[in-house]
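To start, the structure under review is shown below, and the notes come after it.
Residues: numbered from 1 along the sequence shown.
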Amino acid sequence: MNTVANLLIALVALLHVYFLVLEMFLWDKPFGIKTFRLTPEFAAASKALAANQGLYNGFLAAGLAWGLCMGAPGFSIKVFFLACVIVAGIFGALTVSRKILYIQAVPAVIALALLVISR
């Protein structure tokens, strides 16, 4: 069970690396504009804000990777960063799009549940 939990945590971390790339580097490019359903004007005007948001997603990914690298002693670190992902996903779902709940928060909730059960 612990292996499955760690694989899902790695998936959540990789998703956040993907979000980092989308928000920091592709926000105002055709792929980013299409992904986030932006106008080119809005994408250009909000590029710095999106890059900042992408950086935070990178920190979430780094924290999860740190917890994974520590093995069993990284349990608390994994719990903390998964909780951060869940809170961010819920906030995003409430303020931006309900889709964020399913893309970001639900995988983290499942990973956290598996992590706690496997302890």
Side-chain angles (χ1 to χ4, degrees):
M1 184 72 73
N2 191 43
T3 301
V4 175
N6 283 332
L7 286 172
L8 195 49
I9 292 167
L11 175 65
V12 172
L14 289 173
L15 277 172
H16 282 77
V17 170
Y18 176 66
F19 301 152
L20 174 148
V21 171
L22 277 174
E23 294 166 349
M24 291 188 80
F25 306 110
L26 302 176
W27 183 260
D28 62 344
K29 307 295 185 274
F31 186 75
I33 289 170
K34 181 180 177 184
T35 300
F36 294 106
R37 298 183 182 130
L38 307 172
T39 64
E41 296 78 23
F42 181 80
S46 59
K47 183 177 180 176
L49 292 171
N52 187 279
Q53 185 172 302
L55 185 61
Y56 288 113
N57 278 308
F59 290 139
L60 293 173
L64 291 170
W66 175 34
L68 287 169
C69 287
M70 290 189 68
F75 177 83
S76 297
I77 294 165
K78 291 183 269 192
V79 168
F80 173 78
F81 281 97
L82 286 170
C84 289
V85 169
I86 293 164
V87 170
I90 291 169
F91 185 78
L94 292 172
T95 60
V96 179
S97 169
R98 185 172 295 209
K99 190 167 94 171
I100 295 171
L101 183 70
Y102 305 110
I103 293 171
Q104 185 173 357
V106 169
V109 167
I110 296 168
L112 180 59
L114 290 173
L115 179 65
V116 170
I117 289 168
S118 71
R119 175 116 177 171

Enumerate, atom names and distances included, each donor-acceptor pair closer than 3.5 Å involving a side-chain atom of residues 106-119, sequence neighbours excluded.
from, atom 1, to, atom 2, distance (Å)
Ser118, OG, Asn2, OD1, 3.4
Ser118, OG, Leu114, O, 3.2
Ser118, OG, Leu115, O, 2.9

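- Cluster membership check: Val79 shares its hydrophobic cluster with Leu8, using side-chain heavy-atom separations under 4.5 Å among Ile, Leu, Val, Met, Phe, Trp and Tyr.
- In this structure, Asn52 CG and Asn57 CG are separated by 10.5 Å, a value rounded to the nearest 0.5 Å.
- Judged as a ring pair (Phe, Tyr, Trp, His ring centres under 6.0 Å), not a single pair has a partner in residues 62-107 (not counting sequence neighbours).
- For residues 71-85, the side-chain hydrogen bond (donor to acceptor under 3.5 Å, both in side chains) pairs, not counting sequence neighbours, are Asn6-Lys78.
- Rounding to the nearest 0.5 Å gives a distance of 11.5 Å between CG of Asp28 and OG1 of Thr39.
- Atom CD1 of Ile100 sits about 12.0 Å away from atom CZ of Arg98, to the nearest 0.5 Å.
- Applying the under-4.5 Å side-chain rule to Ile, Leu, Val, Met, Phe, Trp and Tyr, the cluster around Leu20 extends to Leu15, Tyr18, Phe19, Val21, Leu22, Met24, Phe25, Leu26, Trp27, Phe31, Ile33, Phe36, Leu38, Phe42, Leu55, Tyr56, Phe59, Ile103.
- A pairwise comparison of heavy atoms in Ala61 and Ala13 identifies CB-O, 3.4 Å as the closest pair.
- Partner of Val12 under the side-chain contact (heavy atoms from CB on, under 4.5 Å) criterion, out of Ile86, Leu64, Leu7: Leu64 alone.
- Residues that satisfy the side chain to side chain donor-acceptor pair (under 3.5 Å) test with Gln104, not counting sequence neighbours, are His16.
- Among residues two or more places apart in sequence or in another chain, the salt bridge (charged side-chain N to carboxylate O under 4.0 Å, His left out) test is passed with Lys29 by none.
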